[in-house]
**Q** 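Mind having a look at this structure? Questions to follow.
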Amino acid sequence: MFDSSTPLLQHGNSKLGRAIHVWSIPALDTCPGSTAVCRQLCYATRHRFRFDSVRRRLAWNRRQCDRPDFVERMVAEIRSSGVLVLRLHVAGDFYDAEYAGKWTAIVKRSPRVRFYGYSRSWRVASIAAALEELAALKAVRLWWSVDDESGIPANVPSTVRLAYLQTSSAAPPSAADLVFRPPRLRSLPELPVVCDHETPSGRTLGVTCGSCGRCFR
Ligand code: SF4
């Protein structure tokens, strides 16, 4: 079904907008820094992510990461497809330092592209340094994902911002640069720090990441 001529990247979903390209791998198996809270709420285990076709596609993507030509193929496709913004891991995360290093190599060879994503792998000692190296690149906007279980990291690199997963009606921590709310909390009073796609007024306006851009600009 998929072979080496299959494009690695796909276009964004209804939240991201079509202009943003996406790279994903299977959730949970590739999320060593995950918390019980995020595993419980993970959208990448629900809805269309349960379809066999989507699961097969993500498993294929994961296998591509292990191929010696992964970096070369990704760089070539980013160039030939005219990618402007690439969202890393709508599903999945940086599962080890070597994989994070591959993205550092890809970014260094794609300086005009903006890469962004959210990761809990900052919680894994063997991955943290590689992730900080990636986050330090000018073309990258990397967010450390946090929640009440992970707590707020003691040291946050200057190039990193914090995305907090809200799970109760309590006020988000002041350290949060952005707040994501699960559907059951989206009727709480709107706050400037909440993702615009997840507020009633943002939904009414049809905000997508492509039109918002807060996470990658
Ligand atoms: S804040 Fe904006 S860019 Fe970030 S996830 Fe929400 S809609 Fe997308």
Side-chain angles (χ1 to χ4, degrees), residues 9-25 27 31 33-35 37-49 78 83-94 103 107 110 112-122 131 134-135 137-148 150 152-153 156-167 169 171-217:
L9 300 173
Q10 295 177 289
H11 285 281
N13 54 21
S14 59
K15 175 178 180 180
L16 294 171
R18 296 280 296 169
I20 294 176
H21 286 77
V22 174
W23 171 252
S24 283
I25 50 180
C31 301
S34 63
T35 60
V37 170
C38 78
R39 287 194 296 276
Q40 187 189 2
L41 293 173
C42 182
Y43 58 80
T45 60
R46 295 184 164 86
H47 310 299
R48 71 180 189 86
F49 288 98
I78 285 170
V83 175
L84 297 174
V85 179
L86 178 45
R87 164 81 153 91
L88 297 172
H89 306 142
V90 167
D93 205 338
F94 298 96
W103 278 105
V107 172
S110 314
R112 295 201 182 95
V113 180
R114 181 58 54 87
F115 299 80
Y116 79 104
Y118 319 85
S119 177
R120 275 183 178 73
S121 296
W122 60 268
L131 216 51
L134 176 61
L137 299 177
K138 199 174 167 193
V140 173
R141 300 289 180 272
L142 209 52
W143 297 72
W144 277 191
S145 295
V146 298
D147 53 47
D148 289 342
S150 74
I152 302 296
V156 182
S158 61
T159 53
V160 167
R161 289 176 286 173
L162 299 181
Y164 172 73
L165 176 60
Q166 186 171 4
T167 52
S169 56
S174 58
D177 298 294
L178 180 67
V179 171
F180 289 118
R181 285 176 169 167
R184 68 184 169 80
L185 296 179
R186 290 182 188 167
S187 57
L188 286 173
E190 295 190 14
L191 301 170
V193 76
V194 175
C195 163
D196 285 335
H197 185 79
E198 298 180 354
T199 63
S201 63
R203 304 289 286 194
T204 302
L205 290 169
V207 172
T208 65
C209 297
S211 63
C212 166
R214 189 196 309 195
C215 291
F216 56 83
R217 293 205 175 106

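Residue numbers count from 1 along this sequence. Counting starts at 1 for both ligands and their atoms, following the listed order.
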**Q** Does any N or O in the side chain of Thr199 come within less than 3.5 Å of the main-chain N or O of Glu190, such that one atom is a donor and the other an acceptor?
**A** no
**Q** May I ask you to decide if the ring planes of His89 and Trp103 are parallel, tilted or perpendicular, using 30° and 60° as cut-offs?
**A** perpendicular
**Q** Protein N, O or S atoms less than 2.8 Å from atom 8 (Fe) of ligand 1, ignoring waters?
**A** Cys209 SG
**Q** Does Arg87 have any salt bridge (Lys or Arg N to Asp or Glu O under 4.0 Å) partners at least two apart in sequence or in another chain, and if so, which?
**A** none
**Q** Does ligand 1 have any atom that is closer than 4.0 Å to a heavy atom of Tyr118?
**A** yes
**Q** Main chain of His197, side chain of Arg203: is a donor-acceptor contact present, judged purely on distance under 3.5 Å?
**A** yes
**Q** Please identify which atoms of ligand 1 are closer than 4.0 Å to at least one heavy atom of Phe180.
**A** 5 (S)
**Q** Identify the two heavy atoms, one from Arg39 and one from Ser34, that lie closest to each other, and give their separation to 0.1 Å.
**A** NH1-OG, 2.8 Å
**Q** Per the ring pair (Phe, Tyr, Trp, His ring centres under 6.0 Å) rule, which among Tyr118, Tyr164, Tyr43 passes with Phe180?
**A** Tyr118
**Q** Within a 6.0 Å radius of atom CZ on Arg217, are there more than 12 heavy atoms belonging to other residues, nucleotides or ligands?
**A** yes
